[in-house]
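Only a predicted model underlies this, so the values are computations on that prediction, with no experimental measurement involved.
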Amino acid sequence: MKHKLFRLIFVTIIALLFPLRPAQAVTGGLDTTFDSDGKVLTSTAGFDEARSLAVQSDGKIVVVGSAFNGSFFDMAIARYLANGSLDTSFDTDGLKTIDFAGQDDLANSVAIQSNGKIVVAGSSELANNGPSRFAIVRLNSDGSFDTSFDSDGKAISSSTSIDEAAHSLVIDSNGRLILGGYRYISPRANGTSGYDFTLMRFKANGNIDTAFGTSGTTSTYFGTTIANTIINSISLQSDGKIIAVGEAQKPSDIDLAVARYNTDGSLDNTFGTSGSTTLDIAVDSFQALNNLAIQTDDKIIVGGFLNSDFALARLLTNGALDTTFDADGIVTTDFGSLDEGIRGIAVQTDGKILAGGVSATDFALARYNSNGTLDSSFGQVGKTTTDFGGFDIVNDITTQSDGRINIAGTSNHDFVLGRFMHDAYETLTQTVSAGDTVTTDSELNGATASDPIETTLTSPLAGTLSIEESTATVGLTSGYTFLGGKIVVTAPTATALTPLILVFQIDSSLIPAGQTKDTIQIFRNGVLVPACTGAIGVALPDPCVSERVLLADSDVKITVLTSTASSWDVGVANATSPTYCDHSQATDNASGTAEEKANPISALGC
């Protein structure tokens with residue numbers, strides 16, 4: 001018993017001498033490993049707005065939008081390193097502005113080619129208050145113009161329309177560049193005039209692809225009851241067909257407009273009515289579902305707003321509402337303000353749906369399960385708002401290869417780039433002195449049902465400590481079942497004699513019925529961590545479990561000694577797995593039988 005008492009006193013002294021340093025981020029919250037606070041604001045000359053972003057294969061982030069030069073708007077492109085700082089290898093300072101003809105030029109969408117070249121689409125105005133054109137730019141990885149693209153790296157459409165612009169860009173499997181937006185057509189075939197859905201395709205060399213549509217362009221008129229239709233987003237299905245969504249403007253309200261095109265630019269007659277459809281989700285209500293994402297099964301997710309709330313709908317591959325999605329194909333989410341809407345959508349690899357936009361004057365994020373219900377593990381019951389210090393709007397959202405969430409938008413007329421946690425309970429990265437202790441328990445209230453694992457780390461060495469707790473699923477040693485809490489720890493390498501001390505507190509809500517503190521297991525890289533058998537405070541074997549405590553609230557606290565940081569998981573034994581042996585209990589067997597005294601570990605049933 002005295003050995004257990006010594007351990008308790010030792011841990012208590014450590015806690016008193018070296019105060020805990022709590023984490024600063026939670027699931028759906030800002031990722032504080034990104035530029036120290038999870039957000040970056042970049043100003044060029046004032047009145048800047050980020051409209052779109054893309055993540056390169058090396059983790060660098062490209063953001064595009066517009067920047068006011070004092071007289072007109074220029075296209076603006078910024079590239080950031082994975083840690084949030086501007087990448088000075090891009091155009092020498094991480095920023096580039098592009099002017100076509102001395103008038104307003106807007107960048108609305110960006111995509112990265114497989115060779116790393118950066119493609120930007122938007123619009124260029126030919127004269128002050130004059131006609132605008134589809135505009136496209138291709139840059140080399142260093143930010144210079146790619147002169148193999150239309151000879152100078154820039155191209156604009158040669159239309160005679162008085163107004164047209166590209167809002168969205170995709171790259172097809174052949175490297176061709178497809179732009180979606182609108183064109184004012186006067187007169188249409190029936191004699192009317194107005195804005196129509198318009199797609200344009202460029203070859204990889206910057207020339208218009210005349211094999212697409214009519215001379216490289218296709219426009220779609222939705223009928224006499226609709227005055228104007230505008231594409232706001234396009235995406236490709238797995239078969240290469242093009243989905244375009246936007247708004248259909250009627251005298252009384254705005255409907256959702258969707259069309260599907262074959263790879264040659266013709267309408268796909270198997271979709272909707274002869275290739276297009278409109279949905280009046282709420283009659284005579286102000287509505288717009290303008291953002292688009294395609295699931296792996298080719299179902300179509302669209303997002304926007306309905307009666308000033310977040311609105312999300314899912315369509316089947318034939319264009320009809322998917323009634324397996326929140327019963328009627330449509331879900332709305334109220335953040336509690338009078339001005340809310342989705343402006344960007346992304347689908348995670350696990351099928352969950354991310355939506356970003358605005359609530360009042362703050363960034364708003366929500367995450368939905370694949371059936372349309374809010375994902376209660378994200379933020380506050382599936383949603384979260386974040387104040388970046390001004391009038392904040394998310395314009396685009398995407399995920400990284402590690403699942404973390406990037407958003408681009410504007411705050412007080414500055415470019416904004418933010419990164420949020422995707423599935424981590426909490427995370428921290430801190431530089432400490434020898435003997436310091438850090439914890440993910442930012443509220444210092446222990447593990448809870450919504451944050452079921454808290455991790456505390458004490459290092460005998462000075463350096464940088466990092467803990468990330470996530471809900472990622474992992475495989476464990478045969479015979480054991482994963483409970484939750486993939487915990488990735490980085491720290492200076494210690495020794496078995498003076499090890500790192502890891503303490504995991506597991507909330508009772510995570511512990512299955514019938515399991516006890518002695519059956520909850522810790523795994524390193526999926527391999528079971530045994531109990532310590534050496535002297536007190538020594539990692540023998542390395543790593544090893546030195547203590548298990550059942551707390552008053554039925555939580556379980558497990559202490560691990562290890563010389564090296566790694567990836568840790570929590571699990572339980574299956575019914576057929578070997579019995580767990582808490583070797584630390586063998587030291588208290590002095591009063592047992594002669595056989596137990598001679599072989600205390602065997603006496604435990606091991």
Side-chain angles (χ1 to χ4, degrees), residues 41-54 61-80 86-113 117-169 177 179-184 198 200 202 205-208 395-396 408-410 412-417:
L41 278 72
T42 304
S43 178
T44 58
F47 297 100
D48 308 325
E49 181 176 9
R51 301 283 300 177
S52 180
L53 81 159
I61 305 166
V62 180
V63 180
V64 305
S66 57
F68 191 64
N69 63 21
S71 300
F72 300 98
F73 285 96
D74 291 333
M75 286 187 174
I77 301 101
R79 190 168 71 190
Y80 301 84
L86 281 167
D87 178 11
T88 55
S89 70
F90 181 80
D91 205 51
T92 71
D93 62 356
L95 294 168
K96 186 181 186 71
T97 58
I98 298 173
D99 175 40
F100 275 76
Q103 306 297 321
D104 283 339
D105 304 305
L106 305 178
N108 293 320
S109 189
V110 61
I112 310 298
Q113 293 188 169
K117 293 185 179 182
I118 301 164
V119 184
V120 181
S123 64
S124 178
E125 199 174 63
L126 302 183
N128 190 15
N129 296 319
S132 65
R133 294 286 178 263
F134 276 61
I136 188 168
V137 175
R138 191 164 72 194
L139 305 176
N140 296 309
S141 181
D142 63 1
S144 61
F145 287 108
D146 176 11
T147 55
S148 69
F149 185 78
D150 200 49
S151 76
D152 62 355
K154 300 183 290 184
I156 61 172
S157 58
S158 56
S159 166
T160 59
S161 172
I162 64 169
D163 191 24
E164 61 184 30
H167 283 166
S168 190
L169 160 72
L177 313 172
L179 280 60
Y182 64 84
R183 169 176 286 176
Y184 187 84
T198 298
M200 185 176 295
F202 290 81
N205 63 4
N207 293 334
I208 293 287
N395 284 323
D396 198 9
T410 183
N412 280 354
H413 306 299
D414 285 337
F415 259 42
V416 167
L417 177 63

Working to the nearest 0.5 Å, report the span between [atom1] of [X] and [atom2] of [Y].
X      : Y      : atom1 : atom2 : answer
Ile77  : Thr97  : CD1   : OG1   : 8.0 Å
Asp87  : Thr92  : CG    : OG1   : 10.5 Å
Tyr80  : Ile61  : OH    : CD1   : 9.0 Å
Arg133 : Met200 : CZ    : CE    : 9.0 Å
Phe202 : Ile136 : CZ    : CD1   : 5.5 Å

Polar side-chain atom of [X] near backbone of [Y] as donor-acceptor pair, under 3.5 Å:
X      : Y      : value
Gln103 : Leu126 : no
Asp150 : Asp152 : no
Asp105 : Phe100 : yes
Asp99  : Gly102 : yes
Ser66  : Leu106 : no
Asp104 : Phe73  : yes
Ser123 : Ala165 : no
Asp91  : Asp93  : no
Asn395 : Ala50  : yes

Taking the side chain as every heavy atom from C-beta outward, state whether [X] and [Y] have any atom pair closer than 4.5 Å.
X      : Y      : value
Asp48  : Thr410 : no
Phe145 : Leu139 : yes
Lys117 : Ser148 : yes
Phe134 : Thr198 : yes
Phe149 : Asn205 : no
Val110 : Ile118 : yes

(request) Quick one: closest heavy-atom pair of Leu41 and Asp414, and the distance? (result)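 That would be CD2-OD2, 4.3 Å.
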(request) Hey, can you tell me if Tyr182 and His167 have their rings parallel, tilted or perpendicular (30° and 60° cut-offs)? (result)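 The rings of Tyr182 and His167 stand perpendicular, inter-plane angle above 60°.
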(message) We want to know whether Ser132 and Glu125 form a side-chain donor-acceptor pair, criterion being a heavy-atom distance below 3.5 angstrom.
(response)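 Distance-only check fails for Ser132 and Glu125.
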(request) Report yes or no: is the cationic atom of Lys96 (NZ for Lys, CZ for Arg) closer than 6.0 Å to the six-membered ring centre of Phe90, at no more than 45° off its axis? (result)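 No, a cation-pi geometry is absent between Lys96 and Phe90.
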(request) In sequence, state the C-alpha distance, the side-chain angles, and the governing distance for Leu86 and Arg79, and then conclude on side-chain contact (heavy atoms from CB on, under 4.5 Å). (result) CA-CA 6 Å; Leu86 281 167; Arg79 190 168 71 190; over 6 Å; no
(message) Evaluate Ser159 against Glu164 for side-chain hydrogen bond (donor to acceptor under 3.5 Å, both in side chains), listing each step before the verdict.
(response) CA-CA 9 Å; Ser159 166; Glu164 61 184 30; 3.2 Å; yes
